[in-house]
K.L.:
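Can you read through this structure? Questions will come right after.
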Number of protein chains: 2
Amino acid sequence: MTDSNHKIRIKDIALLAGVSEGTVDRVLHNRGDVSVKSREAVTKVLEEMNYSPNLFARSLASKKNFRFVCLIPSYQPGEYWESVDKGFNQAAQEFLHHNIIIEKKFFNQFDNQSFVTVTEEVLQDLPDAVILSPIFRNESIWFIEKLQETETPFSFIDSLIEDMTYNTYYGQNSFQSGYIAAKMLLSSMSEGSQIVIIRTKRKGSVSNQTLSRNKGFFQFVDDNKLQDKVQIISVEFSSNDEAGNLEILRGIFENNQNIKALITFNSKVYRLAAHLDTLGKMNLRLIGYDLLDENVKYLKMGTINLLFAQRPDKQAYLSVRDMCRKLIFRQEINRINYVPIDILMKENIEDYLRFNENN
Amino acid sequence: MTDSNHKIRIKDIALLAGVSEGTVDRVLHNRGDVSVKSREAVTKVLEEMNYSPNLFARSLASKKNFRFVCLIPSYQPGEYWESVDKGFNQAAQEFLHHNIIIEKKFFNQFDNQSFVTVTEEVLQDLPDAVILSPIFRNESIWFIEKLQETETPFSFIDSLIEDMTYNTYYGQNSFQSGYIAAKMLLSSMSEGSQIVIIRTKRKGSVSNQTLSRNKGFFQFVDDNKLQDKVQIISVEFSSNDEAGNLEILRGIFENNQNIKALITFNSKVYRLAAHLDTLGKMNLRLIGYDLLDENVKYLKMGTINLLFAQRPDKQAYLSVRDMCRKLIFRQEINRINYVPIDILMKENIEDYLRFNENN
DNA sequence: CTTTATTCTGTGTGCGAACACAGTTTGATA
DNA sequence: TATCAAACTGTGTTCGCACACAGAATAAAG
């Protein structure tokens with residue numbers, strides 16, 4: 001690598017191409033009114049010198065303002081969406097000086113009507129871009145079609161709707177994260193072990209995430225022909241009756257003497273952990289998803305053995321960053337971005353959280 | 001949070017404090033020549049308005065240039081230090097417009113004299129900061145003492161030397177990563193299993209990293225009283241005679257019929273994987289460290305089951321970033337920064353690598 | 001009450017890029 | 001050839017900040 005691209009200014013390009021700074025600028029932003037000769041001369045020098053604009057100077061000079069709307073569910077402290085919110089805040093701070101204003105809008109994740117209300121607000125006063133998690137599928141499709149009509153760019157986080165012209169998608173490959181969960185749960189299970197899968201009916205809508213994780217899980221079972229080696233017991237939990245859930249669990253343990261592990265594909269594994277504590281059940285493998293405060297607590301205590309994480313804050317932050325790159329810096333970006341499947345245990349959770357906090 | 005700190009300029013502060021921009025600037029950089037009255041007025045407004053300078057405008061205006069020297073071992077493609085180098089390159093690009101020039105200097109990691117030569121060069125022409133991995137302990141101490149005399153700030157990556165006035169340290173808690181390795185390797189081992197630990201004498205010096213990993217590993221064995229349940233076989237490999245190593249390994253397998261797993265605490269587990277392939281040994285657990293290209297290859301193939309990673313590129317990048325924050329932006333930073341212990345398997349390596357590539 | 005030194009403060013310029021605006025060239029048409 | 005719009009190009013201002021420099025206010029000395 002030569003030490004080109006080091007501090008080459010428009011002025012330099014202009015000088016080398018034998019034109020003025022204005023002309024270089026016109027070529028850079030292809031806004032016409034440039035003779036073929038000049039354009040060619042400039043583009044040639046541009047390439048030779050490997051010019052890269054000073055983005056700070058650019059946004060300092062630019063008078064354009066951008067407004068990004070980010071739609072997220074409202075949340076309780078310690079919940080999953082808190083991390084997402086944090087990511088948006090970080091982005092807001094960092095991109096403020098690039099003339100970008102992040103406007104967050106909250107809706108009730110258990111009430112599709114609240115989502116519709118919020119999206120209508122957005123459509124009333126169109127922003128320059130929208131970032132959302134399409135929790136409510138049909139409502140999201142309706143909203144996005146409106147956005148497409150007005151050519152407002154949008155990005156998905158967490159989950160996606162295929163065949164839409166989204167700018168980026170950041171999220172986890174949940175099939176894969178279910179598959180790997182099965183691997184880590186079942187690899188060392190002795191013959192005849194019983195595994196309990198806890199499902200919870202979501203009040204609002206069905207979550208794609210948990211469905212795919214479930215699929216991935218059973219794919220592993222299939223791939224390794226474990227159907228007969230281990231017995232998988234599927235249990236349905238209520239979303240609000242915890243006392244009832246405890247009793248269900250008690251019943252399960254009474255009727256099945258060889259339960260070795262439990263797993264749940266939603267993020268509420270801490271509830272399960274609490275019940276196991278109540279029932280005094282030790283030496284069970286318990287696996288779940290996402291680093292809710294409560295989940296982390298039980299992970300550190302040892303009740304939960306394993307958590308899979310998906311960097312929700314990064315999903316939010318990066319979707320904003322990429323929107324900037326596209327709209328403002330005109331850079332190429334990847335459309336589909338799978339976030340790593342992070343495997344967290346008691347022994348590596350601390351460093352992980354601290355690192356995430358600061359970077 | 002109010003929407004203060006949003007776009008408040010020096011000009012605004014000056015207006016509110018009833019002084020000129022120049023005076024505000026003098027207060028901000030406390031370079032004297034300000035009356036007590038003015039200073040108080042300005043600091044008051046500064047606090048009230050929660051002023052935060054536009055860092056981009058700042059480094060655009062500033063004529064100061066900074067030179068950071070980064071010392072890293074030269075490397076072959078696919079080696080560990082390639083990632084570190086990549087991190088430095090990324091930082092170089094990103095901080096170029098903050099008037100920072102990253103100057104990399106390479107030394108031979110197996111020859112302490114080459115390190116000394118390079119450090120002498122650095123001392124001849126002192127940079128504004130130094131970032132290094134103190135591979136050669138004594139030589140590093142000598143070098144750093146010289147740096148301290150001239151008050152040149154420096155940071156450690158990868159490993160650290162205690163009791164020195166380093167700016168930051170980025171690296172992994174290797175004790176913990178050894179501990180967690182033991183946990184993942186031994187948790188599901190049946191009684192009487194044999195485990196092989198491969199050591200390789202490093203040509204240059206002893207690596208602290210591998211020593212601590214080893215310690216962490218045996219701490220787990222101790223904590224769980226596994227000394228009698230599993231048999232741990234320690235084998236010494238040569239650093240260059242691979243044919244010989246293969247024979248050693250063959251011998252080990254002949255004399256021990258119940259080997260279930262192998263581990264090595266340095267980053268060269270791919271060599272071991274190759275030998276196991278040659279010997280046709282399947283169904284063994286093989287665990288190693290760091291995402292060298294070759295390691296990843298065997299991980300994907302399934303010969304290696306698990307790799308622990310430590311984000312070497314981030315270590316490099318963040319140490320540069322923090323040096324900027326300290327020297328240029330006068331921000332507070334953390335001194336000790338443990339990088340997460342990333343657990344990678346066949347199933348999550350792809351997303352991990354791709355994500356790292358782009359972010 | 002000057003003169004001179006000292007402390008203090010405002011103004012002006014430049015950093016690199018965006019963009020408006022004015023100014024110049026070209027080419028088509030009367 | 002004169003006219004005029006269209007195509008093209010250069011200049012100047014602006015963004016928020018740093019810093020130099022000149023100039024004003026104050027204090028100390030004559």
Side-chain angles (χ1 to χ4, degrees), chain A residues 5-43 45-46 49-66 95-100 324 327-331, chain B residues 5-43 45-46 49-66 95-100 327-330:
Chain A
N5 98 331
H6 283 34
K7 299 277 191 180
I8 291 164
R9 302 158 300 169
I10 283 190
K11 193 185 283 187
D12 302 319
I13 302 291
L15 202 69
L16 287 164
V19 297
S20 80
E21 298 181 42
T23 303
V24 175
D25 184 69
R26 272 181 282 269
V27 173
L28 280 173
H29 300 82
N30 38 301
R31 44 183 168 90
D33 293 348
V34 182
S35 68
V36 182
K37 209 197 313 174
S38 300
R39 163 169 289 112
E40 279 173 355
V42 171
T43 40
V45 177
L46 237 33
M49 293 287 100
N50 191 19
Y51 170 78
S52 77
N54 185 332
L55 298 182
F56 307 145
R58 170 176 290 181
S59 44
L60 188 63
S62 173
K63 293 157 186 32
K64 263 192 218 129
N65 275 306
F66 292 86
F95 293 109
L96 176 64
H97 291 299
H98 287 300
N99 309 319
I100 289 156
C324 290
L327 291 187
I328 302 168
F329 306 143
R330 306 274 161 74
Q331 294 175 354
Chain B
N5 97 333
H6 284 33
K7 299 275 187 180
I8 291 165
R9 303 158 299 173
I10 282 188
K11 192 185 287 187
D12 302 319
I13 302 292
L15 202 69
L16 287 164
V19 298
S20 80
E21 298 181 45
T23 304
V24 175
D25 182 70
R26 273 182 282 268
V27 173
L28 279 173
H29 299 81
N30 42 297
R31 45 184 168 87
D33 294 348
V34 182
S35 66
V36 182
K37 208 197 312 171
S38 299
R39 162 170 290 110
E40 278 174 357
V42 170
T43 41
V45 177
L46 236 31
M49 293 287 100
N50 191 20
Y51 170 78
S52 78
N54 185 332
L55 299 182
F56 306 145
R58 171 175 291 181
S59 44
L60 188 62
S62 171
K63 293 161 184 27
K64 262 191 221 129
N65 274 307
F66 293 87
F95 294 108
L96 176 64
H97 292 299
H98 285 300
N99 310 319
I100 289 156
L327 291 188
I328 302 171
F329 305 143
R330 306 273 158 75

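For the numbers below, each heavy atom of this structure counts, side chains included, while hydrogens, waters and symmetry mates do not. Each chain gets a letter, A, B and so on, in the order the sequences are listed, and its residues count up from 1.
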K.L.:
Side chain of S20(B), heavy atoms from C-beta onward: which of dT9(C), dG16(D), dC19(C) has the nearest atom to it?
P.N.:
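Out of dT9(C), dG16(D), dC19(C), the nucleotide with an atom closest to S20(B)'s side chain is dT9(C).
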K.L.:
dC17(D) P sits how many Å from L46(B) CG, rounded?
P.N.:
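These atoms are roughly 11 Å apart.
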K.L.:
I'd like to check L55(B) versus R58(B) (side-chain heavy atoms, cut-off strictly below 4.5 Å). Are they in contact?
P.N.:
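Contact flag for L55(B)/R58(B) side chains = yes.
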K.L.:
Less than 4.0 angstrom between a side-chain N/O of S62(B) and OP1 or OP2 of dC15(C), yes or no?
P.N.:
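Indeed not, no polar side-chain atom of S62(B) lies that close.
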K.L.:
Distance from H97(B) atom NE2 to N54(A) atom CG, nearest 0.5 Å?
P.N.:
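If we round to the nearest 0.5 Å, H97(B):NE2 and N54(A):CG are 4.5 Å apart.
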K.L.:
Whole angstroms only, please: what is the CZ-C1' distance between R58(B) and dG14(C)?
P.N.:
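After rounding, the gap between these two atoms is 17 Å.
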K.L.:
What is the separation between atom CD1 on I8(B) and atom C1' on dG16(D), rounded to the nearest whole Å?
P.N.:
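Rounded to the whole Å, the gap is 13 Å.
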K.L.:
Assuming nearest nucleotide by heavy-atom distance, tell me which of A61(B) and R26(B) is located more 5' along DNA chain D.
P.N.:
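Taking each residue's closest nucleotide, the earlier one in sequence belongs to A61(B).
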K.L.:
How many Å lie between CZ on F56(A) and C1' on dG14(C), as a whole number?
P.N.:
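Checked: the CZ to C1' distance equals 19 Å.
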K.L.:
In whole angstrom, what separates I10(A)'s CD1 from dT13(D)'s C1'?
P.N.:
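So the two atoms are 15 Å apart, to the nearest Å.
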K.L.:
What's the NE2-C1' distance between H98(B) and dA18(D), to the nearest Å?
P.N.:
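That distance rounds to 16 Å.
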K.L.:
Could you state the interatomic distance from CG (D33(A)) to CZ (R26(A)), rounded to the nearest 0.5 Å?
P.N.:
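Reported value, rounded in 0.5 Å steps: 7.0 Å.
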K.L.:
Side chain of S35(A) only, please: which of dC15(C), dC8(D), dT9(C) is the nearest?
P.N.:
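Closest of the options to the side chain of S35(A): dC8(D).
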K.L.:
With respect to the phosphate group of dG10(D), does any side-chain polar atom (N or O) of T23(A) fall under 4.0 Å of OP1 or OP2?
P.N.:
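Looking at the OP1 and OP2 atoms of dG10(D), one of them is under 4.0 Å from a side-chain N or O of T23(A).
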K.L.:
Are any of R9(B)'s side-chain N or O atoms less than 4.0 Å away from OP1 or OP2 of dG16(D)?
P.N.:
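Indeed, a polar side-chain atom of R9(B) lies that close.
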K.L.:
Let me know the distance between CG of N65(B) and P of dC15(C), rounded to the nearest Å.
P.N.:
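Going from N65(B) (CG) to dC15(C) (P), I get 13 Å.
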K.L.:
Can a side chain N or O of Y51(B) be found less than 4.0 Å away from OP1 or OP2 on dC17(D)?
P.N.:
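Yes, such a contact exists.
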K.L.:
Categorize N54(A) for me: base, sugar-phosphate, or nothing, with a 4.0 angstrom heavy-atom threshold over every strand shown.
P.N.:
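The answer is sugar-phosphate, as N54(A) gets under 4.0 Å only of primed atoms, P, OP1 or OP2.
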K.L.:
Hey, which of these two, K64(A) or K11(A), hits DNA chain C nearer its 5' end, going by closest nucleotide?
P.N.:
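With K64(A) and K11(A) compared, the 5'-side residue is K11(A).
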K.L.:
So that I know where these two stand, are F56(A) and H98(B) an aromatic pair - ring centroids less than 6.0 Å apart?
P.N.:
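So the answer is yes for these two rings.
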K.L.:
Is there side-chain contact between L28(B) and Y51(B), with heavy atoms separated by less than 4.5 Å?
P.N.:
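A side-chain contact under 4.5 Å exists here.
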K.L.:
Checking all strands, does K63(B) fall into the base, sugar-phosphate, or nothing category for heavy-atom contacts under 4.0 angstrom?
P.N.:
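If one applies the 4.0 Å heavy-atom cut-off, K63(B) turns out to touch nothing in the nucleic acid.
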K.L.:
At 4.0 Å (heavy atoms only), tell me whether L60(B) reaches a base, stays on the sugar-phosphate, or touches nothing.
P.N.:
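Base, at least one base heavy atom under 4.0 Å.
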K.L.:
State whether H29(B) places a side-chain N or O below 4.0 Å from either non-bridging phosphate oxygen (OP1 or OP2) of dC19(D).
P.N.:
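H29(B) to dC19(D) OP1/OP2: no side-chain N or O under 4.0 Å.
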K.L.:
Please tell me which of the listed nucleotides, dT9(C), dA17(C), dT9(D), lies nearest to the side chain of A57(A)?
P.N.:
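Taking heavy atoms from C-beta onward, the closest nucleotide is dA17(C).
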K.L.:
Would you say a side-chain N or O of H97(B) is under 4.0 Å from OP1 or OP2 of dG16(C)?
P.N.:
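Result: no.
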K.L.:
Nearest to the D33(B) side chain among dC8(C), dA17(C), dC17(D), which nucleotide is it?
P.N.:
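Of dC8(C), dA17(C), dC17(D), dC8(C) is nearest to the side chain of D33(B).
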K.L.:
Measure the distance from CG on N99(B) to P on dC19(D) and round it to the nearest whole Å.
P.N.:
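About 11 Å, once rounded to whole Å.
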K.L.:
Would you indicate which nucleotide in dT14(D), dC17(D), dC8(D) comes nearest to any side-chain atom of S38(A)?
P.N.:
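That would be dC8(D).
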K.L.:
Just wondering, do D12(A) and M49(A) contact through their side chains at under 4.5 Å, heavy atoms?
P.N.:
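Side-chain contact under 4.5 Å: no.
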K.L.:
Closer to the 5' end of DNA chain C via nearest nucleotide, is it P53(A) or V19(B)?
P.N.:
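Its nucleotide being nearer the 5' end, the pick is V19(B).
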K.L.:
Measuring from the side chain of D25(A) (C-beta onward, heavy atoms only), which nucleotide among dA18(D), dA18(C), dC17(D) has the closest atom?
P.N.:
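Ranking dA18(D), dA18(C), dC17(D) by closest atom to the D25(A) side chain puts dA18(C) first.
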